[in-house]
Amino acid sequence: MTPDPKARLADALRAALAAQAPELAGTPVTFEKPRQPEHGDFACSIALQLAKQLKRNPRQLAEALTEAALAGYPEFTQSFAGYEIAGPGFINFRLRPQVKLAAIRLALEPGWGRARKEKPACVQVEFVSANPTGPLHVGHGRQAAIGDALSAILEACGDKVTREFYYNDAGAQIQNLALSVQARARGTKPGDQDWPQDGYAGEYIVDIARTYNGAVEDLDAIRRFAVDYLRKEQDIDLREFGVKFDVYYLESSLYAEGKVVEVVKALIASGKTYEKDGALWLRTTAYGDDKDRVVRKSDGTYTYFVPDVAYHVTKWRRGFRKVINIQGSDHFGTTARVRAGLQALDLGVPPGYPDYVLHSMVRVMRGGEEVKISKRAGSYVTLRDLLDWAGRDAVRFFLLSRKADADFVFDIDLARAQTEENPVYYVQYAHARVCSVFAKTESAGLERAELAHLTNPRELELAQRIGEFPGVVAEAARELSPHSITFYLRSLAADFHSYYNAERILVDDEALRTARLALCAAVRQTLASGLSLIGVSAPEKM
RNA sequence: GCGCCCGUAGCUCAGCGGAUCAGAGUAUUGGCCUCCGAAGCCAAGGGUCGUGGGUUCGAAUCCCGCCGGGCGCGCCA
């Protein structure tokens with residue numbers, strides 16, 4: 001494996017800095033990719049950052065540092081075409097073409113875009129976690145898209161990922177569900193005298209009641225039936241969305257296995273609780289929460305805070321040292337208290353555990369108007385609605401085309417557009433186009449292609465873009481930002497379409513043709529890898 | 001009232017712990033198929049990066065105030 005020239009250069013610059021200014025040796029040496037191609041392939045601004053502290057002219061400092069760095073990096077000219085000091089003191093470096101083209105060969109090897117780690121981290125991603133009280137809504141869809149993509153990205157980075165779904169099947173809302181179904185089974189409607197307070201009014205309750213054929217008085221049986229019914233229905237939607245979970249964790253098991261009581265005891269034993277107004281409180285303010293939280297209400301029951309903490313204790317005990325919870329931003333309030341609860345237990349859990357990705361709300365637009373209800377659920381738009389309207393690929397791609405904390409407007413009409421301006425097709429089309437080229441020719445022997453025949457600026461740019469892929473994946477994992485994969489794929493597709501229109505792939509010159517085919521194969525591989533990370537198909541024909 | 005997030009072209013949004021004339025898609029306008037797929041390409045117009053200060057050699061990016069929007073602040077789940 002040849003060392004990455006960029007990393008090698010950074011090392012050399014660090015060494016030069018340490019020699020010339022030991023007191024500032026800790027300054028990080030970073031590179032930026034200039035917007036203008038005339039400014040080289042990457043630029044370093046270290047001289048500008050340090051000039052003032054060293055009381056030196058930035059351009060002279062840049063020159064001195066670079067010369068010293070190159071003296072310690074004799075192979076520089078093998079990878080680099082040169083450098084220049086530009087503007088106020090930037091150092092712009094230019095790579096030799098073969099360095100950029102090397103990415104093509106890497107992309108054609110198995111496992112492109114996937115890193116291997118000596119010690120894979122055990123990561124858990126918890127997402128969707130919808131209560132089994134109704135169909136999944138668009139927010140769950142966003143969580144499913146984000147969570148599944150993030151899981152795939154972390155796996156690509158070499159971690160071992162468990163996708164987990166937590167079912168709140170033990171609370172008052174389940175009782176509410178059972179009562180609603182029972183009421184419907186008795187022919188009661190929302191608004192009637194006997195309709196339960198806060199009952200679920202959606203049409204799906206009628207379906208459940210109709211399907212249930214047990215005794216109407218047996219509330220327990222109704223509860224089990226309804227939960228089972230809705231879980232199955234949610235599973236169908238998730239399967240259609242292409243999302244699979246490794247573990248379904250039931251809140252009720254926390255009670256059944258005594259884990260809730262165990263946490264309460266441990267909290268009391270920690271000495272961080274106190275009695276007030278007949279309730280038991282935990283001093284979460286000692287760990288960054290803005291107010292203390294009730295653990296046990298004055299009526300003797302526990303607040304939901306307790307099973308939440310108990311659940312996260314099991315995550316830690318099951319060996320997950322990194323846990324990412326994907327939730328709507330309306331769960332913001334729980335983050336501080338869950339973390340505080342874990343800290344109070346003093347289990348050695350780091351203060352920032354677990355990580356949260358909170359996403360903002362999704363608004364659905366159709367025909368220029370906001371859609372707020374669905375037939376089945378009544379009060380909200382369901383994931384099924386989205387899938388029926390736009391299909392899995394478009395829904396997945398759209399839900400990952402914004403960063404999580406940005407507001408989201410889902411334009412159904414755009415996602416439905418099959419022939420025009422739909423961004424999903426833009427990327428998929430690029431993949432299908434490459435495939436169609438290979439349908440017309442032999443694709444054997446690409447590993448022996450002489451890449452030096454690729455001298456066109458578009459080809460170098462495309463090769464360089466392909467080379468960025470592993471870094472993009474790594475950053476998406478680090479920043480927990482799967483949307484950057486989507487944006488990368490759009491850029492890659494744009495570069496390819498542009499190239500494809502400007503140059504012919506299947507030229508008569510065999511050496512050039514083979515080199516271009518190798519480039520195309522690398523594009524195809526990178527598009528397919530990236531699309532699979534976000535759960536979107538890579539069709540060979542459209 | 002307090003906390004967190006958001007405010008970038010008509011619209012939907014990128015912009016990694018700062019960088020050398022602000023980006024993409026879409027919409028609008030004008031070009032490109034006897035030639036590997038035109039679900040594509042090329043080009044043009046369009047923005048005081050909410051606003052006022054501050055720090056800096058340099059601010060969409062960092063800090064403070066203000067305006068506008070979202071979410072959260074229960075012995076509810």
Side-chain angles (χ1 to χ4, degrees), chain A residues 28 30 32-36 38-39 43-45 48-49 51-52 58 86-90 92 131 133 168 170-174 176 198 251 276-281 289-291 293-305 307-308 328-336 358-361 365 398 401-411 414 417-430 432-441 471-472 475-476 478-479 481 483-484 486-487 490-491 493-494 496-507 516 520 541-542:
Chain A
T30 56
E32 286 91 39
K33 189 183 176 186
R35 286 200 180 83
Q36 273 82 9
E38 313 86 76
H39 292 138
C44 182
S45 62
L48 283 163
Q49 291 172 47
K52 190 165 192 185
F90 295 99
N92 297 336
N131 296 342
T133 54
N168 288 91
Q173 77 278 28
I174 296 294
N176 209 356
D198 303 321
E251 182 188 7
K276 195 181 92 181
D277 304 333
L280 183 70
W281 297 69
D289 204 357
D290 53 357
K291 53 184 77 167
R293 302 293 163 181
V294 170
V295 172
R296 191 181 57 225
K297 297 184 262 183
S298 50
D299 66 4
T301 61
Y302 302 123
T303 58
Y304 67 99
F305 164 72
D308 271 359
S329 60
D330 54 336
H331 286 74
F332 172 73
T334 67
T335 65
L358 301 180
H359 68 83
S360 61
M361 296 297 113
M365 301 291 286
F398 268 62
S401 59
R402 310 271 182 275
K403 62 186 173 202
D405 52 9
D407 289 332
F408 191 105
V409 179
F410 194 115
D411 185 339
L414 182 60
Q418 302 245 334
T419 50
E420 295 167 34
E421 65 277 7
N422 194 330
V424 188
Y425 293 102
Y426 186 79
V427 175
Q428 291 184 319
Y429 181 55
R433 257 184 156 177
V434 185
C435 291
S436 76
V437 173
F438 283 102
K440 289 182 166 54
T441 186
V472 170
E475 190 190 296
R478 196 172 53 245
E479 303 288 326
S481 62
H483 76 279
S484 52
T486 308
F487 280 88
R490 241 192 277 195
S491 312
F496 175 73
H497 283 309
S498 178
Y499 172 59
Y500 185 88
N501 267 272
E503 302 294 336
R504 212 182 146 72
I505 311 298
L506 300 175
V507 291
R516 286 185 171 172
C520 287
K541 284 183 185 168
M542 299 172 63

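Letters A, B, ... mirror the listed sequences (proteins, then strands); counts begin at 1.
Comparing B:C75, B:C36, B:A14 by their closest approach to the side chain of A:His483 singles out B:A14. Of all nucleotides listed (B:A14, B:C36, B:C16), B:A14 comes nearest to the side chain of A:Arg402. When distances run from any side-chain atom of A:Ala43 to the nucleotides B:G72, B:C36, B:U20, the shortest one goes to B:U20.
Going from the C1' atom of B:C49 to that of B:G15 covers 11 Å, rounded to whole Å. Comparing the C1' positions of B:U20 and B:U26 gives an interatomic distance of 30 Å, to the nearest angstrom. Comparing B:G46 with B:C6, their P atoms sit 30 Å apart, to the nearest whole Å. Taking atom P on both B:A59 and B:C33, the two are 47 Å apart, rounded to the nearest angstrom. For the P atoms, the distance from B:G70 to B:U8 is 15 Å, rounded to whole Å. Separating the C1' atom of B:A14 from that of B:A60 is a span of 12 Å, rounded to the nearest Å.
Scanning atom types as modelled, no donor and acceptor separated by under 3.5 angstrom connect the side chain of A:Tyr429 and the base of B:A39.
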Enumerate the protein-to-nucleotides 41-47 of chain B contacts in which both atoms are nitrogen or oxygen and the separation is below 3.5 Å.
| from | atom 1 | to | atom 2 | distance (Å) |
| --- | --- | --- | --- | --- |
| B:C41 | OP1 | A:Tyr426 | OH | 2.5 |
| B:C41 | O4' | A:Asn501 | ND2 | 3.0 |
| B:C42 | OP1 | A:Ser498 | OG | 3.0 |

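Atom CD of A:Glu503 and atom P of B:C35 are 18 Å apart (whole Å). Here B:C71 presents its P atom at 17 Å from CZ of A:Phe408, a figure rounded to the nearest Å. As rounded to whole Å, 12 Å separates atom P of B:G40 from atom CD of A:Gln428. Straight-line distance from the CG atom of A:Asn92 to the P atom of B:A19: 14 Å, rounded to whole Å. If you take CZ of A:Phe305 and P of B:C76, they are 15 Å apart, rounded to a whole angstrom. Separating the CZ atom of A:Phe398 from the C1' atom of B:G25 is a distance of 10 Å, rounded to the nearest angstrom. One atom, NZ of A:Lys541, and another, P of B:A39, lie 16 Å apart when rounded to the nearest Å. Across the protein-nucleic acid pair, A:Lys276 atom NZ and B:C75 atom C1' stand 10 Å apart, rounded to whole Å.
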Contact string for nucleotides 3-8 of chain B, one letter per nucleotide 5' to 3', B = base within protein heavy-atom range under 4.0 Å, S = sugar-phosphate only, - = neither, reads BSSS--
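The main-chain N or O of A:Val294 is found under 3.5 Å from a side-chain atom of A:Thr303 such that the two form a donor-acceptor pair. Looking at A:Thr335, its side chain never comes within 3.5 Å of a backbone N or O of A:His331 through a donor-acceptor pair. Between the side chain of A:Ser298 and the main chain of A:Ala279, no donor-acceptor pair closer than 3.5 Å is present. Although no hydrogens or angles enter the test, the distance criterion places no donor-acceptor pair under 3.5 Å between the side chain of A:His497 and the main chain of A:Tyr429. For A:Asn176 (side chain) and A:Ala172 (main-chain N/O), no donor-acceptor pair under 3.5 Å exists by modelled atom type.
Phosphate contact (OP1/OP2 of B:G37, side-chain N/O of A:Ser436, threshold under 4.0 Å): present.
Stem analysis of RNA chain B (Watson-Crick or G-U pairs, both distances under 3.5 Å, runs of at least three) returns B:1-7 with B:67-73, B:10-13 with B:23-26, B:28-32 with B:40-44, B:50-54 with B:62-66.
For the residue pair A:Ser401 and A:Phe408, the shortest heavy atom distance occurs at OG-CE1, 4.4 Å.
Classified by its glycosidic torsion, B:C13 falls in the anti category, the angle being over 90° from 0.
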